[in-house]
Visitor: 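If you scroll down you'll find the structure; I have some questions about it.
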Amino acid sequence: AICFFLAYLTDLVGRELEVRHSLGRYTRRRFTIPAWAPDQRKWANEELKLLLTRAQISADTFATRWDEGIPAFEVKQTIELASQYDEQLGRLLDPVITATEFGISEPMAAGAGRIKIDKSTKNMVLVIDVGAGTTDFGLFIVNFAKQTAIPVEPKSAAVRMAGNHVDGLLVQEVLSRISDHSDPESKQRIANGLWRTIRRDKEQLFRLGTFDFKLVNDLVITITLADFLTCRGVLDFASQIESELAKFLGVVHRSFEDAAI
C-alpha cells in the first residue's frame, strides 16, 4: 500500500518535472525521515529506499489509469515484478541517500534551504519543524562557507503534536461559539463540514488575522487570530511544545553553551 501511494506521488512529480521544468522523469530523488529512534530510522531508511525505487515502475505502469481504479492484484503483481530490478533501480536515489545509514532527518531537510542562502545562519542552529502530525527538533553546528551542517547530540527529537492538533483546536473553538440550541447531530454535521476545509481556513486566519467561518447551516462565525491564540487549548499546546523543547536542549552537552543559537 505504501509503495502504491508512493507510485502515485512519483507520477505527479514526474509530470511536473517534464511539463513545468523540462527535466527528465527519472531525476534522482531524496526522502526524509521523522526524528524517530535510531533503530526505527535505520529500518525506515532501508525500507523506503526499496519502496521509493519500486514505485517508479508502478508510476510508469499506471500513469494514465489513476482515475479509473486499479485492481489490487495488478498493483501487487507490478510491485513484485519491480522488486526484481532493485539493483538497477538504485541509481534513482541521490548518493546522499545511499551513503547514509539513518536517512535524512526532517528537521535537517527543513533547515537546509536557509542554511544554503542565509549567511547569518552559522554556529549552532536550532530547527523546529512543525508538520501535520509531529513537531521535530534538530540541532546543528553550521559552517556556511563549507555549506555543511553537523548534528549535535541529541541531534533530533519529535513530539506527536503539530498542525493536525491545532486544526482540531480551531474546530472546537468554532463549535464552542454555536448557540446551545444546536442538537448533537447538527453539531456533528457542522464539524464534518469544518474539517473539510480547516487546513485552508486556518492558513487564512493566520495570514489575515481574522476569518469568517461559513458553516453548512449558513451560520457565519467570525474568529480573530488574537482570540484563538489565547484560548486554553492553544496555550496548553504551546506550553507542551516549550516543555519538550526544554527537555531536548537540556541534554545538550555544556561545552556547547558558548555557541550562538
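Numbering of residues begins at 1 and proceeds along the displayed sequence.
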Visitor: Which atoms form the tightest heavy-atom contact between Leu205 and Thr224, and what is the distance?
Guide: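 Scanning both residues completely, I find the closest heavy atoms to be CD1-C, 3.9 Å.
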
Visitor: Would you say that Val220 contacts Phe213 through its side chain, given a criterion of any heavy-atom pair below 4.5 Å between the two side chains?
Guide: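 Heavy-atom side-chain distance check fails, nothing below 4.5 Å.
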
Visitor: Linking I/L/V/M/F/W/Y whenever any side-chain heavy atoms sit under 4.5 Å apart, do Leu9 and Leu52 land together?
Guide: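 No; tracing contacts between hydrophobic side chains, which count when under 4.5 Å, never links both residues.
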
Visitor: Are more than 12 heavy atoms, taken from residues, nucleotides or ligands other than Glu185, located less than 6.0 Å from that residue's CD atom?
Guide: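 No, because the 6.0 Å sphere around CD of Glu185 holds 12 heavy atoms or fewer from other groups.
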
Visitor: Any donor-acceptor pair under 3.5 Å linking the side chain of Arg30 with the backbone of Gly103?
Guide: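 No: the side chain of Arg30 does not pair with the backbone of Gly103.
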
Visitor: With the 4.5 Å side-chain cut-off for hydrophobic clustering, are Leu48 and Val96 part of the same group?
Guide: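 Yes: a chain of side-chain contacts under 4.5 Å links Leu48 to Val96.
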
Visitor: What is the distance from atom CG of Leu235 to atom CG of Leu229, rounded to the nearest 0.5 Å?
Guide: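 The CG atom of Leu235 sits 8.5 Å away from the CG atom of Leu229.
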
Visitor: Within a strict 4.5 Å, meaning less than it, do heavy atoms of the Leu170 and Ile198 side chains meet?
Guide: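 The answer is yes, as the side chains (C-beta and beyond) meet within the 4.5 Å cut-off.
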
Visitor: To the nearest 0.5 Å, how far apart are CG in Leu126 and CG in Leu139?
Guide: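 Interatomic distance, Leu126 CG to Leu139 CG, rounded to 0.5 Å: 6.0 Å.
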
Visitor: Mind listing the closest non-hydrogen atom pair of Glu74 and Ile70 along with its distance?
Guide: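 Looks like CB-CG2, 4.3 Å.
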
Visitor: Ion pair present between Arg177 and Glu173, side-chain N to carboxylate O less than 4.0 angstrom?
Guide: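 Looking at Glu173 together with Arg177, the answer is yes, because their closest N to O distance falls below 4.0 Å.
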
Visitor: With a 4.0 Å cut-off, would you call Glu47 and Lys42 a salt bridge?
Guide: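 Looking at Lys42 together with Glu47, the answer is no, because their closest N to O distance does not fall below 4.0 Å.
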
Visitor: Could you check whether Lys49 pairs with Asp86 (Lys NZ or Arg NE/NH1/NH2 to Asp/Glu carboxylate O, under 4.0 Å)?
Guide: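 Looking at Lys49 and Asp86, the cut-off is not met.
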
Visitor: Check the pair Ile223, Val174 against side-chain contact (heavy atoms from CB on, under 4.5 Å), reporting the backbone distance first and the verdict last.
Guide: CA-CA 8 Å; Ile223 292 181; Val174 175; 3.5 Å; yes

Visitor: In the structure I gave you, are the side-chain heavy atoms of Leu17 and Tyr26 within less than 4.5 Å of one another anywhere?
Guide: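 Contact flag for Leu17/Tyr26 side chains = no.
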
Visitor: Classify the ring geometry of Phe4 against Trp66: parallel below 30°, tilted from 30° to 60°, perpendicular beyond 60°.
Guide: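 Phe4 and Trp66: tilted rings.
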
Visitor: Can you tell me how far CD1 of Ile190 sits from CG of Leu175, rounded to the nearest 0.5 angstrom?
Guide: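 It is 7.0 Å, given to the nearest 0.5 Å.
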
Visitor: If you measure only the distance, is there a donor-acceptor pair under 3.5 Å linking the side chains of Arg189 and Asn217?
Guide: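 Per modelled atom types, Arg189 and Asn217 side chains form no pair under 3.5 Å.
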
Visitor: Has the side chain of Thr100 got a donor or acceptor atom that lies under 3.5 Å from a matching backbone atom of Ile97?
Guide: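 Absent.
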
Visitor: Which atom names give the shortest non-hydrogen contact between Ala162 and Phe237, and what distance separates them?
Guide: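 Looking at all heavy atoms of both residues, the closest pair is N-CE1, 4.0 Å.
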
Visitor: Does a sphere of radius 6.0 Å around NZ in Lys155 hold more than 12 heavy atoms from other residues, nucleotides or ligands, not counting ones at 6.0 Å or beyond?
Guide: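 Incorrect, the count does not exceed 12.
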
Visitor: When you measure from the side chain of Thr197 to the backbone N and O of Arg200, does any donor-acceptor pair fall under 3.5 Å?
Guide: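 Checked: no pair found.
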
Visitor: Would you confirm whether Thr135, through its side chain, and Met161, through its main-chain N or O, come within 3.5 Å as a donor-acceptor pair?
Guide: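 Yes, Thr135 side chain to Met161 backbone: donor-acceptor pair under 3.5 Å.
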
Visitor: I'd like to know whether CZ of Arg91 has more than 12 heavy-atom contacts from other residues, nucleotides or ligands below 6.0 angstrom.
Guide: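 Not more than 12 within 6.0 Å, no.
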
Visitor: Does Ile2 CD1 have over 12 foreign heavy atoms under 6.0 Å away?
Guide: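 No, CD1 of Ile2 has 12 or fewer neighbouring heavy atoms, counting only those of other groups under 6.0 Å.
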
Visitor: Taking Leu169 as the starting point, is it possible to reach Ile241 by hopping between hydrophobic residues whose side chains are less than 4.5 Å apart?
Guide: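 Yes; tracing contacts between hydrophobic side chains, which count when under 4.5 Å, links both residues.
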
Visitor: Taking atom CD as the centre, does Glu87 end up with more than 12 heavy-atom neighbours from other residues, nucleotides or ligands that are less than 6.0 angstrom away?
Guide: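 Open.
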
Visitor: Return the minimal non-hydrogen interatomic distance between Gly24 and Thr27, and the atom names on each side.
Guide: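 What the structure gives for the nearest pair is O-OG1, 2.9 Å.
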
Visitor: Is any side-chain heavy atom of Leu249 closer than 4.5 Å to a side-chain heavy atom of Phe137?
Guide: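 Of all side-chain heavy-atom pairs linking Phe137 with Leu249, none is under 4.5 Å.
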
Visitor: Please lay out, stage by stage, how Phe5 and Thr10 fare under the test side-chain contact (heavy atoms from CB on, under 4.5 Å).
Guide: CA-CA 9 Å; Phe5 176 65; Thr10 297; over 6 Å; no

Visitor: Do Asn192 and Leu194 touch side chain to side chain, with heavy atoms closer than 4.5 Å?
Guide: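 No, every pair of side-chain atoms sits at 4.5 Å or beyond.
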
Visitor: Any side-chain heavy atom of Phe228 within less than 4.5 Å of one from Phe206?
Guide: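 A side-chain contact exists here, since the closest heavy-atom pair is under 4.5 Å.
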
Visitor: Working to the nearest 0.5 angstrom, can you tell me the gap between Lys202 NZ and Arg199 CZ?
Guide: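 One finds 5.0 Å between NZ of Lys202 and CZ of Arg199.
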
Visitor: Starting at CG of Leu245, measure out to CD1 of Ile128 and round the result to the nearest 0.5 Å.
Guide: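 Rounded to the nearest 0.5 Å, the CG-CD1 separation comes to 5.0 Å.
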
Visitor: Just wondering, are more than 12 heavy atoms of other shown residues or ligands nearer than 6.0 Å to NE2 in His253?
Guide: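 No, NE2 of His253 has 12 or fewer neighbouring heavy atoms, counting only those of other groups under 6.0 Å.
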
Visitor: Could Arg28 and Asp94 be called an ion pair, given the rule that one side-chain N must be under 4.0 Å from one carboxylate O?
Guide: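 No, Arg28 and Asp94 are not salt-bridged.
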
Visitor: Hey, any chance Leu92 and Ile79 share a hydrophobic cluster, counting ILVMFWY side chains that come within less than 4.5 Å of each other, even indirectly?
Guide: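 No; tracing contacts between hydrophobic side chains, which count when under 4.5 Å, never links both residues.
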
Visitor: Shortest non-hydrogen contact from Ala7 to Ala59?
Guide: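 So the two residues come closest at O-CB, 3.3 Å.
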
Visitor: Look up atom CD in Gln56 and atom CG in Leu6, then write down how far apart they are to the nearest 0.5 Å.
Guide: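 Between atom CD of Gln56 and atom CG of Leu6 there are 11.5 Å.
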
Visitor: Atom CZ of residue position Arg65 - does it have more than 12 heavy atoms of other residues, nucleotides or ligands inside 6.0 Å?
Guide: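 Enclosed: over 12 neighbouring heavy atoms sit under 6.0 Å from CZ of Arg65.
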
Visitor: So which pairs with a foot in residues 229-241 pass salt bridge (charged side-chain N to carboxylate O under 4.0 Å, His left out), sequence neighbours left out?
Guide: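 Checked against salt bridge (charged side-chain N to carboxylate O under 4.0 Å, His left out) - neighbours excluded - the pairs reaching residues 229-241 are Arg232-Asp236.
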
Visitor: Test side-chain contact (heavy atoms from CB on, under 4.5 Å) on Met124 and Phe140 and set out the steps.
Guide: CA-CA 6 Å; Met124 187 173 289; Phe140 312 95; over 6 Å; no

Visitor: Walk me through whether Asp167 and Trp195 qualify under side-chain contact (heavy atoms from CB on, under 4.5 Å).
Guide: CA-CA 8 Å; Asp167 292 347; Trp195 275 110; 3.8 Å; yes

Visitor: Evaluate whether atom OH of Tyr8 has more than 12 neighbouring non-hydrogen atoms of other residues, nucleotides or ligands under 6.0 angstrom away.
Guide: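 Counting other residues, nucleotides and ligands, OH of Tyr8 stays at 12 neighbours or fewer.
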
Visitor: Of the options Leu51, Ile104, Asn45, which is the one that meets Phe31 in a side chain to side chain contact (heavy atoms under 4.5 Å, CB included)?
Guide: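 Result: among Leu51, Ile104, Asn45, Asn45 is the only option passing the side chain to side chain contact (heavy atoms under 4.5 Å, CB included) with Phe31.
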
Visitor: Are side-chain heavy atoms of Gln240 and Glu244 found at a separation under 4.5 Å?
Guide: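 Answer no - side chains too far apart.
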
Visitor: Report yes if the side chains of Val130 and Asp136 come closer than 4.5 Å at any heavy-atom pair, otherwise no.
Guide: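 Counting from C-beta outward, Val130 and Asp136 never come under 4.5 Å.
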
Visitor: Which one of Gln40, Arg41, Glu106 satisfies the side chain to side chain contact (heavy atoms under 4.5 Å, CB included) criterion with Pro34?
Guide: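 Option passing the side chain to side chain contact (heavy atoms under 4.5 Å, CB included) with Pro34: Glu106.
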
Visitor: If every non-hydrogen atom of Val216 is compared with every non-hydrogen atom of Gly193, which pair is closest and at what distance?
Guide: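 What the structure gives for the nearest pair is CG1-CA, 4.0 Å.
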
Visitor: For the hydrophobic clusters of this structure (ILVMFWY residues joined by side-chain heavy atoms under 4.5 Å, transitively), does one cluster hold both Val234 and Leu225?
Guide: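 Cluster IDs for Val234 and Leu225 match.
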
